[in-house]
Amino acid sequence: MIGIFDSGVGGMTVARAVEQLLPHYPLTYLGDIARTPYGTKSARTIIDYSLENTRFLVDNGAKLIIIACNSAASVATDRLRREFQVPIIEVISPAVEQALMHSQKGRIGIIGTRATIRSGVYETKILAQHPEYKVFSTACPLLVPLVEEGWIGKRETKMILRRYLHTLKDQQIDTLVLGCTHYPLLKHLIQPRIGKKVILIDSSVAVAEYLQHYLAGETTLTPDQSHDPTLNRYFVTDLTESAQFIAAKIFHRPIDLQPV
Ligand code: DGL
């Protein structure tokens, strides 16, 4: 079984992308809604939460973990790899690879939570491969709570997005990385505000494609052809109405969220 965790519902965009690409692999998801958002917390706290989430998934049978949260991936990946025997896959490297593949002008924008932007992880990874590229990063701390509240189409969300994207717009970026797994839910609002020509990199799709390649060379995790994705399990540390609404929106079907 593949274990996936995030600070809340955002990582379900990753679970959905994995389910669509690899429907025969059983998944278990953990959304730490009770402690969301992670992006405004210190690295130490995010690492502690990530250790607990991974322990929960491994104890429930996970043979591979996806950190479906950029904030957690940016500060906790090394620690999780040291503490656990199972492979730990994170969302950042696959998104960087896709951004490098698509960018023609070498002007790449990154949006993410404070923790992710503060870590400088995207910039470091991009410049390690292309020191001549220009990376422009903007923290968007209000977006995660807005998505968790289900304020996806609200006027206020559009106004806040316009404000966050304003400086990036002046930088003539050709590629924008959605460096938070909540942001694919705002893609339709981001695209017109950043400009039609800018390529959006959705880290949920990037990690699902990366996982597909990874599993092709793996023998410990094999697909179960009889597996039905509707049997995948979705745990949350707090059961809220908006979580149920967003889960159904992401999966286009009702999801039975189980509180733990
Ligand atoms: N989806 C998480 C991410 O990718 C949100 C983190 C948070 O809770 O702030 O960063």
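In this text, all values refer to a predicted model and were calculated from it rather than measured experimentally. All ligand and atom numbering here is 1-based and tracks the order in the structure.
For the pair Thr181 and ligand 1, the shortest N or O to N or O distance falls below 3.5 Å. The shortest N/O to N/O separation between Pro37 and ligand 1 does not fall below 3.5 Å. Looking at Thr116 next to ligand 1, no N or O pair under 3.5 Å apart turns up.
Heavy-atom proximity to Asp6, at under 4.0 Å, picks out these atoms of ligand 1: 1 (N), 2 (C). When each atom of ligand 1 is checked for a heavy atom of Thr113 under 4.0 Å away, the hits are 6 (C), 9 (O), 10 (O). Of all atoms in ligand 1, listed by their number and element, those nearer than 4.0 Å to a heavy atom of Cys69 are 2 (C), 3 (C), 4 (O), 6 (C), 10 (O). For ligand 1, the atoms lying closer than 4.0 Å to a non-hydrogen atom of Thr36 are 8 (O).
Side-chain atoms of Asp174 come within 3.5 Å of backbone atoms of Lys105 as a donor-acceptor pair (strictly under, hydrogens ignored). Put simply, the side chain of Ser203 never gets that close to the backbone of Ala95: no donor and acceptor are under 3.5 Å apart. Here the side chain of Gln191 pairs a donor or acceptor atom with the backbone of Val198 at under 3.5 angstrom. Using modelled atom types, one side-chain atom of Ser242 and one backbone atom of Glu148 make a donor-acceptor pair closer than 3.5 Å. The main-chain N or O of Trp151 is found under 3.5 Å from a side-chain atom of Thr157 such that the two form a donor-acceptor pair. For Gln171 (side chain) and Ile173 (main-chain N/O), no donor-acceptor pair under 3.5 Å exists by modelled atom type. At distances below 3.5 Å, not a single donor-acceptor pair connects side-chain atoms of Ser74 with backbone N or O atoms of Val121.
Protein heavy atom closest to atom 6 (C) of ligand 1, with residue, atom name and distance, is Ser71 OG, 3.2 Å. Scanning the protein for heavy atoms near atom 9 (O) of ligand 1, the closest one is Gly39 N, 2.7 Å. Of the protein's non-hydrogen atoms, Ser7 OG, 2.5 Å is the one closest to atom 8 (O) of ligand 1. Nearest non-hydrogen protein atom to atom 7 (C) of ligand 1 is Tyr38 N, 3.2 Å.
Comparing Ile46, Val144, Val9, Asn70 against atom 3 (C) of ligand 1, the shortest heavy-atom distance belongs to Asn70.
Taking 4.0 Å as the cut-off, Gly10 does not count as a neighbour of ligand 1 on heavy-atom distance.
Between Glu52 and Arg35 there is a salt bridge, since a side-chain N of the basic residue sits under 4.0 Å from a carboxylate O of the acidic one.
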### Task
Verify ring pair (Phe, Tyr, Trp, His ring centres under 6.0 Å) between Phe5 and Tyr38, making sure each step is shown before the conclusion.
CA-CA 12 Å; Phe5 78 84; Tyr38 281 11; 7.5 Å; no

